[in-house]
Amino acid sequence: MKNILEAPFLVEMVRTTTNMYAHGWDERNGGNISVLLDEGDVAEYVDVNAVIRDIPTGFEAPALEGKYFLVTGTGKYFKNVQYDPARNLGLVRLTNGGKTAQLLWGFTDGGRFTSEFPAHMMSHAARLSVNPDNRVVMHCHPANLLAMTYVHDLDERAFTRTLWQMCTECIVVFPEGVNVLPWMLCGTNEIGEATAEKMKTARLVVWAQHGIYGAGADLDETFGLIETAEKAAEIYMKIAHLPLKNTISDNQLRQLETHFGVKAREGWVD
Ligand code: 13P
Ligand code: ZN
């Protein structure tokens, strides 16, 4: 059996949590990540028949039966993952229709997966139904996106158009736009179901007055999505109180669509 601390999926997870903390997106235990893994990759590093313990999930996710996830622990600090991955992360396999998570590695202090596990797992199922390459769900609390939800209309089209207008490349990076949920109680199946529903039409879902969810094929892509949206929100928060002299017009958004071969969400560019 190879050393899991050297597994590419684990190394990448450690780097990403460290980087997200450095960006200020994950204060204290804020934020969580889950990564879908292939059984073949997992089996190189852990005995997939040696279940350490069963953890009830509190929800059903039949579409994820038998699937493996590397996931951050609840109450764990992103800044500490690099110093003790086995305590702060866990590797689980879903069974029993998604009602049970079998722990195969990690959570060494008796811990369990993030309290946002419902939103993560339901979002994985939703993203996989529209894109079988989706492997990552990431949640964090970037300050400018969060700030924007206090002062900007939460209408998804309006919110997205503002972000697209803040940086030229936004419409290229997330042409489908961002979806927005109003404030809801976090850590519940309800917010999980609502997030998953929004994930069917966009890889970014803003949680008003809380943070953002991103989904993508890998950690880099998902990080980059959130990074781009957060940069746009930062520009917005810098200029929102100033008289606007220039912007990116709808005609220019159309030029970007054509030049980069992307299709913006239907009806969101005039
Ligand atoms: P966890 O520590 O349970 O992952 O929760 C952090 C968080 O951001 C909740 O939304
Ligand atoms: Zn959160």
Side-chain angles (χ1 to χ4, degrees), residues 9 13 29-43 46-76 88-107 110-140 179-208 210-219 222:
F9 59 78
M13 183 72 136
N29 65 308
N32 21 78
I33 305 178
S34 58
V35 184
L36 173 62
L37 303 174
D38 283 334
E39 184 172 60
D41 291 336
V42 173
V46 298
D47 178 354
V48 294
N49 297 311
V51 175
I52 298 167
R53 59 190 150 97
D54 283 346
I55 312 176
T57 65
F59 58 85
E60 291 182 23
L64 303 179
E65 177 72 27
K67 295 207 182 297
Y68 294 79
F69 293 92
L70 181 64
V71 59
T72 54
T74 185
K76 299 297 190 270
N88 295 293
L89 304 173
L91 202 167
V92 298
R93 174 177 56 213
L94 291 188
T95 57
N96 196 16
K99 293 202 284 286
T100 305
Q102 298 174 311
L103 181 65
L104 299 172
W105 173 85
F107 299 149
R112 51 183 281 138
F113 40 71
T114 172
S115 60
E116 305 294 3
F117 205 54
H120 279 256
M121 293 302 109
M122 293 174 194
S123 291
H124 274 287
R127 287 306 307 168
L128 286 169
S129 73
V130 293
N131 180 357
D133 291 333
N134 195 93
R135 295 201 157 260
V136 172
V137 173
M138 181 182 283
H139 165 62
C140 57
N179 286 337
V180 182
L181 281 181
W183 187 93
M184 291 177 73
L185 190 61
C186 55
T188 61
N189 288 353
E190 288 69 31
I191 200 168
E193 283 155 13
T195 305
E197 193 53 39
K198 296 285 186 191
M199 277 285 179
K200 289 181 184 160
T201 50
R203 292 163 296 158
L204 288 168
V205 179
V206 170
W207 280 9
H210 183 135
I212 189 163
Y213 268 75
D218 56 35
L219 285 165
T222 315

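Annotation: ring-ring contact (aromatic ring centres under 6.0 Å, His included) contacts of His120 (sequence neighbours excluded): Tyr213. Partners of Phe69 under the ring-ring contact (aromatic ring centres under 6.0 Å, His included) rule, at least two apart in sequence or in another chain, are His124. The side chain to side chain donor-acceptor pair (under 3.5 Å) test applied to Thr201 returns Asn179, not counting sequence neighbours. In this view, Ser129 satisfies the side-chain contact (heavy atoms from CB on, under 4.5 Å) rule with no residue, not counting sequence neighbours. Annotation: side chain to side chain donor-acceptor pair (under 3.5 Å) contacts of Thr195 (sequence neighbours excluded): Trp207.
Here CD of Glu193 is found 4.5 Å from CE of Met122. Values are rounded to the nearest 0.5 Å. The line from CE of Met138 to CG of Leu204 is 11.0 Å long, rounded to the nearest 0.5 Å. The CZ atom of Arg112 sits 8.5 Å away from the OG1 atom of Thr57 when rounded to the nearest 0.5 Å.
Side-chain contact between Cys140 and Ile212 is present, with heavy atoms from C-beta onward closer than 4.5 Å. Looking at heavy atoms from C-beta onward, Phe117 lies out of side-chain contact with Ile55 at the 4.5 angstrom threshold. The closest side-chain heavy-atom distance from Asn32 to Phe113 is not below 4.5 Å. In this structure, the side chains of Leu89 and Trp105 come closer than 4.5 Å at one or more pairs of heavy atoms.
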Just list the side-chain donor-acceptor pairs under 3.5 Å for residues 35-42, sequence neighbours left out, or say none.
from, atom 1, to, atom 2, distance (Å)
Asp38, OD1, Arg135, NH2, 2.9
Glu39, OE2, Tyr68, OH, 2.5

With a cut-off of 3.5 Å and sequence neighbours excluded, list every side-chain donor-acceptor pair involving residues 94-103.
from, atom 1, to, atom 2, distance (Å)
Asn96, ND2, Thr100, OG1, 3.1
Gln102, OE1, Arg93, NE, 2.7
Gln102, OE1, Arg93, NH2, 3.0

TODO: Could you walk me through whether Ile33 and Met13 pass the side chain to side chain contact (heavy atoms under 4.5 Å, CB included) test, one step at a time?
DONE: CA-CA 8 Å; Ile33 305 178; Met13 183 72 136; 3.9 Å; yes
TODO: Start with the C-alpha gap between Met121 and Lys67, add the side-chain angles, then the distance that decides, and say whether side chain to side chain contact (heavy atoms under 4.5 Å, CB included) holds.
DONE: CA-CA 10 Å; Met121 293 302 109; Lys67 295 207 182 297; over 6 Å; no
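The backbone N or O of Ala217 lies less than 3.5 Å from no partner atom in the side chain of Asn134, so there is not a single donor-acceptor pair.
Counting only residues at least two apart or on different chains, the salt bridge (charged side-chain N to carboxylate O under 4.0 Å, His left out) pairs with a member in residues 196-207 are Glu156-Lys198, Glu176-Arg203, Glu197-Lys200, Arg203-Glu221.
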